[in-house]
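Below is one structure, written out as structure tokens, with a few remarks after it.
Please read all numbers here as calculations on a predicted model, not as lab measurements.
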Amino acid sequence: MQYITLGKTGLEISRLGFGGIPIQKIDAAGTRELFLQMKTAGINFVDTARGYTVSESYIGEALEGIREHFVLATKSMSRDKEGMAKDIETSLKNLRTDYIDLYQIHNPNMAQFEAAIGEGGALEALLEAKAAGKIGHIGVTAHSTEVFEKALSLDFVETIMFPYNIVETQGEELMRRCTEKNIGFIAMKPLAGGALDDATLAMRFILNNPDVTVVIPGMADVKEIEENTAAAGNLSPLTDAENAEIEKIRNTLGTEFCRRCNYCAPCTVNINISAVFLFDGYLTRYGLGDWATERYNAMGAKASDCIGCGVCEERCPYNLPIREMLKKAAEKFDK
């Protein structure tokens with residue numbers, strides 16, 4: 001395992017980290033097994049969030065007796081001081097610890113970010129918690145380059161988390177500026193929300209970029225830990241064949257695809273939007289028509305039930321034309 005300093009935090013972390021979203025699908029005992037395996041593999045950076053339902057609680061239980069082996073990060077979508085202060089206390093309780101190494105402002109749009117760093121905003125609570133020793137460092141997570149660029153200009157920002165993978169490279173110039181300013185860069189969405197199949201190639205692409213401090217794939221079983229650890233241990237330059245495969249993937253996926261972050265939810269007519277696009281991908285990209293159609297037909301609300309309200313598009317951090325994409329999916333499935 002390769003280790004690196006997380007920017008100006010001074011924290012020594014593994015370049016392969018752990019994203020805590022998928023453990024919502026397992027249980028506390030399974031999470032404990034993952035953490036024991038990570039300890040053995042040398043993975044020490046862990047990221048979760050207040051918004052990931054049971055993730056903080058499962059991780060807190062898993063950390064019993066081994067907390068000192070991990071650098072722990074979490075985040076909150078609260079934008080005001082009172083809400084952030086409350087969330088920090090909840091995180092400390094859930095994670096069963098008296099300090100959190102990194103606490104992040106979670107995915108604000110530009111208006112929300114301005115509110116969070118303004119008078120009475122979340123930043124005031126973060127700074128007070130840092131002064132009290134409850135948190136060690138402060139970071140920002142974002143999906144928009146506008147927020148990313150703003151965060152780069154702020155002295156309190158010690159880390160920035162942003163999507164980076166084979167098909168999402170829009171942040172590369174800003175990532176270089178992170179390196180210049182000694183701000184730790186945390187790469188999220190390494191598999192583009194599940195759109196990429198070859199995890200080894202995806203991880204090698206990311207970790208071959210020296211501007212990436214740490215990458216945090218979501219992992220929910222020991223096999224994924226083993227595969228990602230093996231990929232992270234192979235940092236030789238990408239081969240011509242690998243680069244050709246990367247170009248092929250880019251040409252197939254393009255930029256208009258669902259990352260399954262589910263920020264669009266809930267749909268006003270209860271369509272599981274990300275599931276529709278997941279099945280559409282299996283139908284279109286992988287030729288699994290019968291499999292995809294069977295699962296699509298088992299859904300309650302279908303793509304054709306969309307009423308075109310546009311609420312989902314207002315929430316989507318990638319500005320996808322969801323209504324048009326649902327219409328196209330309906331044309332394929334609802335015949």
Heavy-atom closest pair (Ile66 atom, Lys39 atom, distance to 0.1 Å) is CG2-CD, 4.0 Å
So SG of Cys312 and CG of Leu326: to nearest 0.5 Å the spacing works out to 6.5 Å
Main chain of Ile183, side chain of Arg177: is a donor-acceptor contact present, judged purely on distance under 3.5 Å? no
Any donor and acceptor pair, going by atom type alone, linking the side chain of Ser78 with main-chain N or O of Asp80 inside 3.5 Å? no
Taking the six-membered ring for Trp and the full ring for Phe, Tyr or His, determine whether the centres of Phe70 and Phe18 are under 6.0 Å apart. no
Reported CG-to-NZ distance for the pair Leu154 and Lys181, which is rounded to 0.5 angstrom: 9.0 Å
Closest heavy-atom pair, Phe113 versus Pro108, reported as atoms and distance to 0.1 Å, is N-CB, 3.7 Å
Contact between Leu191 and Pro217 at the side-chain level, heavy atoms closer than 4.5 Å - yes or no? no
Please step through side-chain hydrogen bond (donor to acceptor under 3.5 Å, both in side chains) for the pair Ser14 and Gln2, ending with a clear verdict. CA-CA 6 Å; Ser14 51; Gln2 182 184 15; over 6 Å; no
Would you mind reporting whether Val212 and Arg15 have side-chain heavy atoms less than 4.5 Å apart? yes
Heavy-atom pair of closest approach, residues Pro237 and Glu242: O-OE1, 4.3 Å
If you round to the nearest 0.5 Å, how far is CD of Glu12 from CG of Leu6? 9.5 Å
Can any side-chain N or O of Thr293 pair as donor or acceptor with the backbone N or O of Asp290 at less than 3.5 Å? no
Which ILVMFWY residues are connected to Ile21, directly or by a chain of links, through side-chain heavy atoms under 4.5 Å apart? Tyr52
Taking atom CG of Leu11 and atom OG1 of Thr5, what is their separation to the nearest 0.5 Å? 8.5 Å
Heavy atoms from other residues, nucleotides or ligands near CG of Asp240 exceed 12 (cutoff 6.0 Å): no
Has the side chain of Asp211 got a donor or acceptor atom that lies under 3.5 Å from a matching backbone atom of Thr179? no
So does Glu64 have more than 12 non-hydrogen atoms from other groups sitting under 6.0 Å from CD? yes
Hydrophobic cluster partners of Tyr263 (side-chain heavy atoms under 4.5 Å): Met77
What are the two closest heavy atoms between Ser91 and Ile100, and how far apart are they? CB-CD1, 3.7 Å
Do you know the tightest heavy-atom contact between Met1 and Gly42? CG-O, 3.6 Å
Would you say Ser236 and Asn234 are linked by a side-chain donor-acceptor pair, where the criterion is simply a distance under 3.5 Å? yes
Here the gap from His106 atom NE2 to Ser76 atom OG, rounded to the nearest 0.5 Å, amounts to 9.0 Å
Should Asn272 and Cys267 count as side-chain neighbours, where that means a heavy-atom distance under 4.5 Å? no
Does a side-chain heavy-atom distance below 4.5 Å link Phe205 with Ile166? yes
Heavy-atom neighbours of Lys86 NZ exceed 12 at 6.0 Å: no
Honestly curious: do Met175 and Val214 fall in one hydrophobic cluster under the side-chain, below-4.5 Å linking rule? no
Over 12 non-hydrogen atoms of neighbours within 6.0 angstrom of CD in Glu114: yes
Checking the side chain of Asp280 only, and the main-chain atoms of Lys328 only, is there a donor and an acceptor separated by less than 3.5 Å? no
With a 4.5 Å cut-off on side-chain heavy-atom distances among I, L, V, M, F, W and Y, is there a chain of contacts connecting Leu16 to Ile59? yes
Main-chain N/O of Val71 paired with Asn44 side-chain donor or acceptor, under 3.5 Å: no
In sequence, state the C-alpha distance, the side-chain angles, and the governing distance for Ile105 and Leu126, and then conclude on side-chain contact (heavy atoms from CB on, under 4.5 Å). CA-CA 9 Å; Ile105 300 172; Leu126 289 165; 3.7 Å; yes
Using a 4.5 Å cut-off on heavy atoms from C-beta on, say whether the side chain of Arg67 contacts that of Leu95. no
Say whether, by atom type as modelled, one donor and one acceptor occur between the side chain of Thr213 and the main chain of Ile186 under 3.5 angstrom. no
Hey, quick one: are Met219 and Met188 part of the same hydrophobic cluster, counting side-chain heavy atoms closer than 4.5 Å, chains of contacts allowed? no
Can you tell me how far CD1 of Ile206 sits from CG of Leu201, rounded to the nearest 0.5 angstrom? 9.5 Å
Is any side-chain heavy atom of Tyr164 closer than 4.5 Å to one of Thr169? yes
Counting distance only, does the side-chain N/O of Glu158 pair as donor-acceptor with the main-chain N or O of Ile138 below 3.5 Å? yes
Is the backbone N or O of Gln24 less than 3.5 Å from a side-chain atom of Ser55, with the two atoms forming a donor-acceptor pair by type? no
Given side chains that start at C-beta, do those of Asp47 and Gln104 come closer than 4.5 Å, heavy atoms only? yes
Any chance you could lay out the ring-ring contact (aromatic ring centres under 6.0 Å, His included) test for Phe333 and Tyr296, step after step, and finish with the verdict? CA-CA 8 Å; Phe333 287 113; Tyr296 175 84; 4.3 Å; yes
Between Arg96 and Glu61, is the side-chain contact (heavy atoms from CB on, under 4.5 Å) condition met? List the steps. CA-CA 7 Å; Arg96 304 188 185 190; Glu61 189 170 339; 3.9 Å; yes
Cluster overlap Tyr58 with Val46, hydrophobic side-chain contacts below 4.5 Å: yes
Between Lys93 and Glu56, is there a side-chain N and carboxylate O pair less than 4.0 Å apart? no
Is there a path of hydrophobic side-chain contacts, each under 4.5 Å between heavy atoms of I, L, V, M, F, W or Y residues, that connects Phe35 with Val54? yes
side-chain contact (heavy atoms from CB on, under 4.5 Å) between Gln37 and Glu226: does it pass, once the steps are laid out? CA-CA 9 Å; Gln37 179 66 25; Glu226 293 171 348; 4.2 Å; yes
Just wondering, more than 12 heavy atoms not from Glu313 lying within 6.0 Å of its CD? yes
Would you say the side chain of Phe185 lies within less than 4.5 Å of the side chain of Phe162, judging by non-hydrogen atoms? yes
Whether Arg50 and Asp87 form a salt bridge (side-chain N of Lys/Arg under 4.0 Å from carboxylate O of Asp/Glu) is what I want to check. yes
Side-chain donor/acceptor of Lys8 to backbone N/O of Val157, under 3.5 Å: yes
Show the numbers, then the answer: is there a side-chain contact (heavy atoms from CB on, under 4.5 Å) between Met161 and Ile216? CA-CA 10 Å; Met161 182 188 296; Ile216 52 167; 3.6 Å; yes
Of all heavy-atom pairs linking Leu34 and Asp221, the shortest is CD2-C, 3.4 Å
With distance as the sole criterion, is a donor-acceptor pair present between the side chains of Thr145 and Gln170 under 3.5 Å? no
